[in-house]
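A quick write-up on the structure given underneath.
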There are 2 protein chains.
Amino acid sequence: MNHKRTEKNENIVGSVLKAIQILDCFHPDNPNLNLSQISKHLEIPKSTALNLIQTLESEGFLLRVKSGNTYQLGYKNIELGYRATTSLSILPYAIPIMEEVQEKTGEIIYLTTHINGQVFYLQCSYPSRPKVSYSVRGKMLPMHCTGCGKAMLSYLSQEFVQHVIDVHGLRAITPNTIIDPDQLYKELEITRQRGYARDNEEETLGVRCVGIAIRNTNGQAVGALSLSGSVLTMTDENADKFANLLSNACNLLSQHANLFPASLMDQV
Amino acid sequence: MNHKRTEKNENIVGSVLKAIQILDCFHPDNPNLNLSQISKHLEIPKSTALNLIQTLESEGFLLRVKSGNTYQLGYKNIELGYRATTSLSILPYAIPIMEEVQEKTGEIIYLTTHINGQVFYLQCSYPSRPKVSYSVRGKMLPMHCTGCGKAMLSYLSQEFVQHVIDVHGLRAITPNTIIDPDQLYKELEITRQRGYARDNEEETLGVRCVGIAIRNTNGQAVGALSLSGSVLTMTDENADKFANLLSNACNLLSQHANLFPASLMDQV
DNA sequence: AACCTTGTTCGACAATACTGAATATGGTAT
DNA sequence: ATACCATATTCAGTATTGTCGAACAAGGTT
């Protein structure tokens, strides 16, 4: 989220941009798209789209589904994603800290940062049974409906918050999601006073969570930790208790605030 | 690895291809590159490279490192990698099976497939106390020096094996790595007779592993499972025992052979 | 201070990406 | 079976636009 897009002399290569936009069409909700859909979505002729698609396919960024004539994201995205984790230098510090909190609480703990006004998931630690299982690394969610997101927003400038609202809106994911800007501002004020953010089934029904921001030396949020559990275990009482544990972990991670993507991208 | 590249009427978009090659420069060994290095590597003028780099940077595929003038892979790669995992439909079947074997053996278990003549890591399950919770999804290694790779090669056509050797060579990763084609062919014959593949410190010193191929209805390898442990625990005796457990798991996964990337890419 | 390496700007050129119409393909309904 | 529709694919002309080299700027090193 570059607030003021300083008009540098950027020579954007159009065809590359279109190729990227094609990849961006593919979303977990609709992981399979055909040529016509892509062409319509980007508002470019089918023949142009086909050239780009075939280029992306030849390099493994798209995979043509055998049976039909649809495409899906290819293995190359996963490979580059893996390589890019090398740059997530916060992880070696965060993981042991997260695992300790996870074990003490028994709940799922998430580490996130914010990118382009959205929550970006960096790491999670699950209860003992499913050890590594599914990763969340790379998942993106809106900020207004998650514990991590609200925790971060509460320590970012009002103009930043407003920008997030302007760009992404306040979409209702569940009946509990905050969709009114004024209410969100109030919620952020309450969050600051309480010392941690709560997510009361605002992103997933049946799931509550607590989140605390990780802040840099200027006090700006660069990341967040959250604990997530069912409405049964995540009572108000437990929330308070968990928030204390989280708070300590956040303080430790604050010492490495400069390693968070949000810092590296001049977003704060 | 398309054996016969059927010369279809593919209209590759050059600038997109170059942009992809730029991303491909970034390798865990050298995760930070500057303009000159990239320009030299692709043998294109610096000004051209800069245009492409700036385009990639503007979309989050590259991140300009704050301090210096180098770039690294950006968050967008991780995001797309996450989205692409939606297409790894084998995982829901594989994970519970893997975790069971993991617990029975106490060793690390890996699930892989083969892409472009290389081992592609899909999933791993660690012992209960994960020292390293990093994901391996997206990692790529040569086939000739890993248990999974050799297991798969032993159930792929000789012409496929030869093609892998021609394209990738037999690079020595450790002193134990097989670097002679004839010796590799012998090893694959032994592997078939033994019923499973062994990796005797051929990829990492101090680590031995056993691997078994997952085969489709034609008998061709589409993936593999491996158990990996230190030379102390992974004795010949244990290897035999572990191989039995792995074998059962592989049989179960064979029923979903069509879900493996290697199947989806017409590589077998 | 001279030199080297690297990053950045810019305008002209032609390569090449784009386009739309025509054709092919495959599935569905009549 | 046939007609029809939606989608995928081909192709060649056009001008858009990506490319390139030279010139300039900025650091860093000897």
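In what follows, chains carry the letters A, B, and so on, assigned in the order in which the sequence lines appear, proteins first and then strands, with residues in each chain numbered from 1. What you see is a predicted model, and the numbers here were worked out from it, not measured in a lab.
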Can you list every pair that meets salt bridge (charged side-chain N to carboxylate O under 4.0 Å, His left out) and has a residue in residues 214-224 of chain B, with sequence neighbours left out?
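Every pair satisfying salt bridge (charged side-chain N to carboxylate O under 4.0 Å, His left out) with a residue in residues 214-224 of chain B: there are none.
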
Tell me which pairs pass salt bridge (charged side-chain N to carboxylate O under 4.0 Å, His left out) where either residue lies in residues 33-53 of chain B, with sequence neighbours left out.
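Those involving residues 33-53 of chain B do not exist here.
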
Among residues at least two apart in sequence or on other chains, which ones pass ring-ring contact (aromatic ring centres under 6.0 Å, His included) with [X]?
| X | result |
| --- | --- |
| B:Phe26 | none |
| A:Tyr155 | none |
| B:Tyr71 | none |
| A:Tyr75 | B:Phe120 |

At a heavy-atom distance below 4.0 Å, what parts of residues 28-41 of chain B sit against DNA chain C?
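Residues of residues 28-41 of chain B that come under 4.0 Å of DNA chain C are, in numerical order, B:Asn34, B:Leu35, B:Ser36, B:Lys40.
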
Reckon A:Leu17 touches a base, only the sugar-phosphate, or nothing at all at heavy-atom distances under 4.0 Å?
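Nothing: the residue A:Leu17, judged by heavy atoms under 4.0 Å, touches no strand.
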
Could you encode protein contacts along nucleotides 19-30 of chain D as a string, one character per nucleotide from 5' to 3', using B for base contact, S for sugar-phosphate-only contact and - for no contact, with a heavy-atom cut-off of under 4.0 Å?
BBB---------

Between [atom2] of [N] and [atom1] of [X], the distance in whole Å:
| X | N | atom1 | atom2 | value |
| --- | --- | --- | --- | --- |
| A:Ile12 | D:dG18 | CD1 | C1' | 13 Å |
| A:Glu43 | C:dC18 | CD | C1' | 16 Å |
| B:Ile53 | D:dG18 | CD1 | P | 16 Å |
| A:Leu50 | D:dC11 | CG | P | 13 Å |

Partners meeting salt bridge (Lys or Arg N to Asp or Glu O under 4.0 Å) with A:Glu79 (sequence neighbours left out):
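Listed in chain order: A:Lys76, A:Arg83.
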
Look at the side-chain N and O atoms of B:Arg64 and state whether any lies under 4.0 Å from the OP1 or OP2 oxygen of C:dT8.
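B:Arg64 to C:dT8 OP1/OP2: side-chain N or O found under 4.0 Å.
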
How many angstroms lie between CG in A:Leu23 and CG in B:Leu80, if you round to the nearest 0.5 Å?
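Taking CG in A:Leu23 and CG in B:Leu80, the distance rounds to 5.5 Å.
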
